[in-house]
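See below for the structure under consideration.
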Amino acid sequence: MHRPDAPSVARTGAGLGTGGPPGSALEPEHLQLAFDALPVLISYIDGDQRYSAVNRAYERWFGEERGALVGRHVREVLGDAAYAVVAPRIAAALAGAPQDFESRLVYRVGGARYVRVQYIPRLGPTGEVRGFFTVVSDITEQKRAEEARRLLADAAALLDPVLDRDAIYRNIADLAVASVADWCAVHTLDPDGAIRLQVIAHADPAKAEIAARLVQRSKIPPEPWTPLHEVLHGGLGRLLSDISGDLLVGPTPEAEHLAVARALHHRSAVMVPIRGEEHVLAALTLASAESGRTYDAADLAFADELSQRVGLAVQRMRLYDMARDAEAEARRRFLAEQEARRAAERAANRMAGLQHLTAALADALTSDAVAEVAVDQGIAAAGAYGGALLVADGDTLECLKAAGYGPDVLDRYRRIPVAADLPVTEAMRTGAPVWLRSRKESAARYPAFAAGELTPTTASLCCLPLIVQDRPIGVLGLSFPEPRAFDQEEQEFLLAISRQCAQAIERARLHEERAAIIERERRVALENARLYREAYEADRGKDEFIAMLSHELRNPLAPITTGLELLHMNMSERGDRDDSQILATIERQVKTIVRLVDDLLDVSRITRGKIELKRERLDIGSAVSAALDSVRPLLQQRGHELRVSVEPGVFVHGDRVRVEQIVVNLLNNAIKYTNPGGRVSLTCKASGGEAWLEVRDTGVGISAELLPRVFEPFMQARRTLDRAQGGLGIGLTLVKRLTELHGGRVRAMSDGPGEGTAISVWLPLAAASAEPGAPAPLSAEAFAGARALRVLLVDDNVDAADGLRRILQLHGHTVAMAHDGPAALEAARASKPDLILLDIGLPGMDGYEVVRLLRAEPEPKRAYIAAVSGYGQDQDRRRSREAGFDAHLTKPVVAEQLLDLVAKAARQA
């Protein structure tokens, strides 16, 4: 296959030794052997760019016998891609210029290689170029090592400032495809075990759209298991010398996805885990495609080192985020503490101003005097520059006092029609405050007023209606020189000022209108009657009133109850029998009041659906026994004969407290409406799948017209006008509603006035599998040995707080007292109490706000804090728990409850 004018390598080599004596130069066959032993490519190419001679290395590179390569054109042997790179160099060599260069060539066989190429022209006798020798060395490993070092250095610089995980993955993928891979991907593991493709980058821009589609649609299911699953689940890096698209991305039912994956022409890949501190964060894949590169163990080691740097960058990002979050949290806490301190100062200043205003208004006995105080001190307390107080006079508003405005303004506003389109008249008409935060807002809502009557010095203003009995009687207007937000805290403060002014104006009017008291009282009575009718028709409004009334009645009962318990303690020491009897009488009457308050509250709760039964498998006989113990003093006082017949083992599935309440109310009703010396009988037995309980008396009886309405609320007042029996007329209402809550029914029977009454209750019998009741709460005696505590009492009711203080001190505890929110905060910081008893309904700053501020401070945070309130419904307890209270006591608080709470606090202190 050799051309005659193309010497072989051996022949050319022999020519190097011509002219010497025999044996002084290598023989051609020796030179050929030497060239064949070299790993580099050595050949001779003639002027037509055809191989005339090649060494054996060509066989290893191109996989063909070297005889088959001789005579073939360079383009045919190397391939089009490689020839396109070397063609200009070949032309230069054939022109007589030696060539020495390095390049990355993609061969027809064997794929891409980094090579060093030398072309040495061969000249003829006359200097013409006949061809050239080639020496080609494979420097791929050297170049890849250099690329790896350079990539790692570039990665360190590129990842150092990046503080976003996705940006880290994108940056490393872009960097990898620029040097060591045709494409690079980062996969993560979803919670369901599926693999999600997060980032993909491709060296060929034409593939970018395909890669983007793969990112959007790619999600590899947990099964079947692939090398990618293994790496993401904590395995070592994987070297995949020969792969297909299906192997790398996993099977998926989407035909379009498979087509996209195959279009990337995967050839070889390495997969390594990107590890965090505790688990694998992602998998980094470097893959070859068009380049034909085959990865080896060195590439796997390089990829592993690269992934370690990525992992360190992610951890550094996480540490930075933690530091940044910590700094932000510290700043937030600092700002919150600052704001809380400023809010406390504002609240204290406003409270002081409001108290000063209230005291001054109390001394003002005329409308003019009230107006003088309200405007002058209201301006100062609110931080305004001007203000006016106007009162209603028929269809107009009359200005009683103004300050801070010019004479022309005072003349215009001395009398204003209520129908005028002004902020002050709107507040009067609607009974709602008007807040104008800026001149722009004033112009938008009241264009004419802003254009012609708004003073130049006024930037914001508010008009506060003076409300008495839900009726506006005037308006307090305040003007401010700067725009104002009127946040909720400031609105509540300004409305408190207006309420004080309204009460003072109304009080002054009553004082000035003594001559019209009779007519006024008649009108008030008619208004009250109308309100009562409306409240009776609007049942929800009535129940809310009852709940509020019960709460308000609890407040005076708290100090009375506490005082009685203190007297009991003192009496037990002195042993004075007469005083003990008097005290027992008072205590009995107070318990009656407490029971009435509880009944009122229970009626309200049941009507609004706010009561929840705590059911258990209950022997009704035990409930009857407890009820008899409760009514026995009243029974003895009235001198009645009691007959009881209770069948043993009658069980119902009910609330023990509520069933006892049913029996107590039935007995109380029978005892009250039976003349002294009468007879009351109680019968209880199982009958027809129900527990039947009947209370019968020999009392006053019920008329036929009243009998159908006996279970309606407040019917007692219609039974008797002298109210000799006492009560509110809601006992039987509670009996009926509690019975119905248990799935039972009631019936009242009477033969008429003077013939006595029988009331029957039927409750469903309990199944044998009913759950047992909850264990009884621990009593104070269980904690008699509790250590002495530092206690802080916070209550604006001085009498109630003083009574609780005495009980606590009698049991050896140290007690500090405060009567408003700011004072409570100061006392808590000063005394560092173990237990704080905190009234919710404090003036100015309520107990919810106080407990939130206490929980935000480091020292009081460890205290046991109990809410003390007249409100004791489930939503009230839930709200106090959410605000940060550890416990909730309902007024009046008895000594046993108090000591139980102290014991609990002692265990946690």
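By convention here, the first residue in the shown sequence is residue 1. Side-chain atoms are counted along with the backbone in the values below, which use heavy atoms only and exclude waters and symmetry mates. Bear in mind that the values here come from a model prediction, so they are computed numbers and not experimental data.
Pairing each heavy atom of G821 with each of V850, the nearest pair is CA-CG2, 3.6 Å. Between L898 and L804, the shortest heavy-atom distance links the atoms CD2-CD2, 4.0 Å. P465 and A427 get closest at one heavy-atom pair: CB-O, 3.6 Å. Residues L835 and A905 approach most closely at CD1-CB, 4.0 Å, considering heavy atoms. In this structure, G431 and I467 approach most closely via the heavy-atom pair O-CD1, 3.9 Å. Taking each heavy atom of L901 and A887 in turn, the nearest pair found is CD1-CB, 3.6 Å.
When side chains are defined from C-beta on, L510 does not count as touching R507, because their heavy atoms never get closer than 4.5 Å. Two residues are said to be in side-chain contact when any heavy atoms from C-beta on lie closer than 4.5 Å; S880 and S869 fail this criterion. A 4.5 Å side-chain heavy-atom check between L837 and L792 finds every atom pair outside the cut-off. At a threshold of 4.5 Å between non-hydrogen side-chain atoms, the residues I416 and V424 count as touching. M845 has its side chain within reach of L825: a pair of non-hydrogen atoms, C-beta onward, lies under 4.5 Å apart. Annotation: side chain of L400 is not in contact with side chain of L390 (no heavy-atom distance under 4.5 Å). The shortest side-chain heavy-atom distance between V868 and V893 falls under the 4.5 Å cut-off. In this structure the side chain of V391 never reaches within 4.5 angstrom of the side chain of S367, judged on heavy atoms.
When the salt bridge (Lys or Arg N to Asp or Glu O under 4.0 Å) test is applied to R341, no partner is found at least two apart in sequence or on another chain. Taking the salt bridge (Lys or Arg N to Asp or Glu O under 4.0 Å) definition, one finds that R881 meets it with nothing, sequence neighbours left out. For R333, the salt bridge (Lys or Arg N to Asp or Glu O under 4.0 Å) test picks out E329, with sequence neighbours left out. Scanning for salt bridge (Lys or Arg N to Asp or Glu O under 4.0 Å) contacts around R509 gives an empty result, with sequence neighbours left out.
With hydrogens and angles ignored, the 3.5 Å screen pairs a side-chain donor or acceptor of D886 with a backbone N or O of I865. Without hydrogens or angle criteria, R429 side chain to V418 main chain gives a donor-acceptor distance under 3.5 Å. H888 contributes no side-chain N or O that, together with a main-chain N or O of A867, makes up a donor-acceptor pair within less than 3.5 Å. Side chain of D802 to main chain of V798: no donor-acceptor pair is present (N/O by atom type, distance under 3.5 Å, no hydrogens or angles). Between the H819 side chain and the D795 main chain, a donor and an acceptor come within less than 3.5 Å of each other. When atom types are taken as modelled, the side chain of Q338 and the backbone of F334 share no donor-acceptor pair closer than 3.5 angstrom. Not one N or O on the side chain of S498 forms a donor-acceptor pair closer than 3.5 Å with the backbone of L466. Judged purely by atom type and a 3.5 angstrom limit, R439 has no side-chain atom pairing as donor or acceptor with the backbone of S460.
Distance NE2/H813 to CG/L793: 11.5 Å, rounded to 0.5 Å. For the atom pair I836 CD1 and L789 CG, the distance stands at 12.0 Å (nearest 0.5 Å). Expressed to the nearest 0.5 Å, how far CD of E882 lies from CZ of R877 amounts to 14.5 Å. Once rounded to the nearest 0.5 Å, the distance linking CG of L854 with CZ of R852 reads 11.5 Å. Distance check: C463 SG to L494 CG gives 11.5 Å after rounding to the nearest 0.5 Å. Within the model, atoms CD1 of I497 and CG of L357 stand 6.0 Å from one another, a figure rounded to the nearest 0.5 Å.
With no hydrogens or angles considered, a side-chain donor-acceptor pair links T396 and R415 at under 3.5 Å. For the residue pair S438 / R484, no side-chain donor-acceptor distance below 3.5 Å is found, with atom types taken as modelled. At a cut-off of 3.5 Å, with distance as the only test, a side-chain donor of Q809 or R805 sits close to an acceptor on the other residue.
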| message | Pair I473, M428 - check side-chain contact (heavy atoms from CB on, under 4.5 Å), show working. | response | CA-CA 8 Å; I473 64 170; M428 179 65 195; 5.8 Å; no
| said: For a side-chain contact (heavy atoms from CB on, under 4.5 Å) check, start with the C-alpha distance between R445 and V434, then their side-chain angles and the critical distance, and finish with the verdict. | reply: CA-CA 11 Å; R445 293 181 60 179; V434 175; 4.0 Å; yes
| request: Go through Y864 and D834 one step at a time and tell me if the side-chain contact (heavy atoms from CB on, under 4.5 Å) criterion holds. | output: CA-CA 6 Å; Y864 191 92; D834 303 303; over 6 Å; no
| request: Could you give me the CA-CA distance, side-chain angles and deciding distance for S442 and R437, then say whether side-chain hydrogen bond (donor to acceptor under 3.5 Å, both in side chains) is met? | output: CA-CA 8 Å; S442 299; R437 296 166 177 80; over 6 Å; no
| Could you walk me through whether R829 and E826 pass the salt bridge (charged side-chain N to carboxylate O under 4.0 Å, His left out) check? | CA-CA 5 Å; R829 298 185 187 111; E826 293 299 326; 2.9 Å; yes
| said: Under the criterion side-chain contact (heavy atoms from CB on, under 4.5 Å), I'd like the reasoning laid out for L478 against L461: C-alpha separation, chi angles, the key distance, then a yes or no. | reply: CA-CA 6 Å; L478 297 171; L461 60 94; over 6 Å; no
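Within 6.0 Å of the CG atom in D487, the count of heavy atoms belonging to other residues, nucleotides or ligands exceeds 12. The environment of E327 atom CD is sparse: at most 12 non-hydrogen atoms of other residues, nucleotides or ligands sit within 6.0 angstrom. Few gaps surround CD on E489; more than 12 heavy atoms of other groups in view lie less than 6.0 Å from it. Around CZ of R342, the count of heavy atoms belonging to other residues, nucleotides or ligands within 6.0 Å exceeds 12. Atom CG of D470 has 12 or fewer heavy atoms from other residues, nucleotides or ligands within 6.0 Å. Other residues, nucleotides and ligands contribute more than 12 heavy atoms inside 6.0 Å of the CD atom of E339.
A salt bridge links D839 with K891: the closest approach of a Lys/Arg side-chain nitrogen to an acidic carboxylate oxygen falls below 4.0 angstrom. Taking 4.0 Å as the cut-off between side-chain N and carboxylate O, R855 and E857 do not count as a salt-bridged pair. K904 and D900 are not joined by a salt bridge, as no carboxylate oxygen comes within less than 4.0 angstrom of a charged side-chain nitrogen.
Residue pairs meeting the ring pair (Phe, Tyr, Trp, His ring centres under 6.0 Å) criterion with at least one partner in residues 406-453, sequence neighbours excluded, are W435-F486.
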Scan the side chains in residues 372-389 for donor-acceptor partners under 3.5 Å anywhere in the protein, sequence neighbours excluded, and list what turns up.
unit_1	atom_1	unit_2	atom_2	d
E372	OE2	K401	NZ	3.3
Y385	OH	T455	OG1	3.1
Y385	OH	T457	OG1	2.8
Y385	OH	T458	OG1	2.5

